[in-house]
Amino acid sequence: MKISVQTEDFDHDAECAALGQGQGQGQGQGQGQGRRDIGAVASFVGRVRETGDVTDDAAGISGMTLEHYPGMTEKALAEIVEEACGRWAVIDATIIHRVGELAPGENIVLVAVASAHRGDAFAACAFIMDYLKTRAPFWKKEKTSAGDHWVDARESDDRAAAKWHP
Amino acid sequence: MNVHILYFASLREALGASAERIDLPAEARNAGALRDHLAARGGPWQALAQTKNLRVAVNQTMTTLDAPVQDGDEIAFFPPVTGG
C-alpha cells in the first residue's frame, strides 16, 4: 500500500505498474516480477478543471491551491484504504494526493487499486474516492479573475459517500 | 497542561490564526463547548459559531462537537473538506 501527499506530479502508468511489486519498485524490478495474482487494476485520476465549482465566470479558473492538515491527512487516507481492504479483496492500492499550487489540466489525485477480479478493483477504487472526498482533510481554493474562492462542499459528495454505509 | 488548537482553510483566514495553545477552560468538556468558548472572544472569532457544518477533529480523527476533550489534546476546527 502506498499513500503520499505531495506537491510534485505523479506518473499514472508507473504507479499502476508498481502495484503488487512491493517496496522495490523502480529499483531494477521489472514488471511481472511482482505478484502474479493481480488480474485487475482500476484507477481514477482527478484533475483541475478550468470551469470551477464556485464561479460562473466564463473566463473560468486560472489555478487552484490545495491546503491540507499534515499528519491527519495521511492517517485519514490510511484508514480509508484499510476500510476498503476490509470490504473487498484488495491486493494492493495507491493513493497520491497533491497539495499546493495547481494549474488547470494538472493532476490532483490518483487512486489505483489492484485485485484478482475487476469487481473488487472497481468498487474499492470508487469507495476510496467517495470517502476521500468527505473524510480526508483537504481544501480547495480556486483562483479566478474575479478573486479567490474556497470551494464549497457538495451535498452530492455526501450522498456518494453515504451509499457505502451499511 | 494545555490544548493545541488548529484552524484550516476559510476558517483559518477568517480568524487570522492557524494554531494556538490555550489552557483548557474548565467548562470546555467537549469540542462544542471549546468552540463556544473561542467564539465568545467576539469579532472574527464568531466565525467559529457561524461556519456552516463546522467540522472538528480531536487528535487527528474526525469526530463530532459532542466529543470529549482533555488536556494535551490536539483539536482542529475546519469547514467541510473539499479534496479529490
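Chain letters run A, B, ... following the sequence lines, proteins first and then strands; every chain starts at 1.
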Practice item. Kindly indicate, with the supporting measurements, whether the criterion side chain to side chain contact (heavy atoms under 4.5 Å, CB included) is fulfilled by A:Trp150 and A:Glu67. Key: CA-CA 10 Å; A:Trp150 288 99; A:Glu67 178 171 330; 3.3 Å; yes
Suppose a student defines contact as a heavy atom less than 4.5 Å from any heavy atom of chain A. Which residues in [range] would they list?
range	result
residues 71-79 of chain B	B:Glu74, B:Ala76, B:Phe78, B:Pro79
residues 2-32 of chain B	B:Leu6, B:Phe8, B:Ala9, B:Ser10, B:Arg12, B:Glu13
residues 44-63 of chain B	B:Ala57, B:Asn59, B:Gln60, B:Thr61, B:Met62

Please indicate whether [X] has more than 12 foreign heavy atoms, meaning atoms of other residues, nucleotides or ligands, lying under 6.0 Å from its [atom1].
X	atom1	answer
A:Phe10	CZ	yes
A:Arg47	CZ	no
A:Glu155	CD	no

Point to revise | Interchain contact, A:Ala76 with chain B, by part (heavy-atom threshold 4.5 Å) | key: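 Neither part.
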Using 0.5 Å steps for rounding, measure from the [atom1] atom of [X] to the [atom2] atom of [Y].
X	Y	atom1	atom2	value
A:Ser4	A:Glu15	OG	CD	8.0 Å
A:Glu79	A:Ile3	CD	CD1	9.5 Å
A:His68	A:Glu74	NE2	CD	6.0 Å
A:Glu83	A:Trp164	CD	CH2	11.0 Å
A:Tyr131	A:Asp157	OH	CG	13.5 Å
A:Met64	A:Glu142	CE	CD	4.5 Å

**Study point:** Side-chain heavy-atom pair A:Lys163, A:Asp130 within 4.5 angstrom cut-off
**Key:**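 They are in contact (side-chain heavy atoms under 4.5 Å apart), so the answer is yes.
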Review point. Do A:Lys133 and A:Asp158 meet the salt-bridge criterion of a basic N to acidic O distance under 4.0 Å?
Key: no
Check your understanding: side chain to side chain contact (heavy atoms under 4.5 Å, CB included) between A:Val5 and A:Phe138: does it pass, once the steps are laid out?
Key -> CA-CA 10 Å; A:Val5 179; A:Phe138 293 100; 4.2 Å; yes
Review point. Hey, any chance A:Ile38 and A:Val81 share a hydrophobic cluster, counting ILVMFWY side chains that come within less than 4.5 Å of each other, even indirectly?
Key: no
Exercise for review: Tell me the residues of residues 89-120 of chain A whose non-hydrogen atoms fall below 4.5 Å from those of chain B, in number order.
Suggested key: A:His97, A:Ile108, A:Val109
Exercise for review: State whether the side chain of B:Thr82 and the backbone N or O of A:Ala153 hold a donor-acceptor pair below 3.5 Å, judged by distance alone.
Suggested key: no
Review point. Going through the checks in order, is the ring pair (Phe, Tyr, Trp, His ring centres under 6.0 Å) test met by A:Trp88 and A:Phe127?
Key: CA-CA 10 Å; A:Trp88 295 281; A:Phe127 168 87; 5.2 Å; yes
Review point. Do A:Ile61 and A:Lys143 pass the side chain to side chain contact (heavy atoms under 4.5 Å, CB included) test, and can you show the C-alpha distance, the side-chain angles, and the key distance before you say yes or no?
Key: CA-CA 6 Å; A:Ile61 73 162; A:Lys143 297 175 186 176; 5.9 Å; no
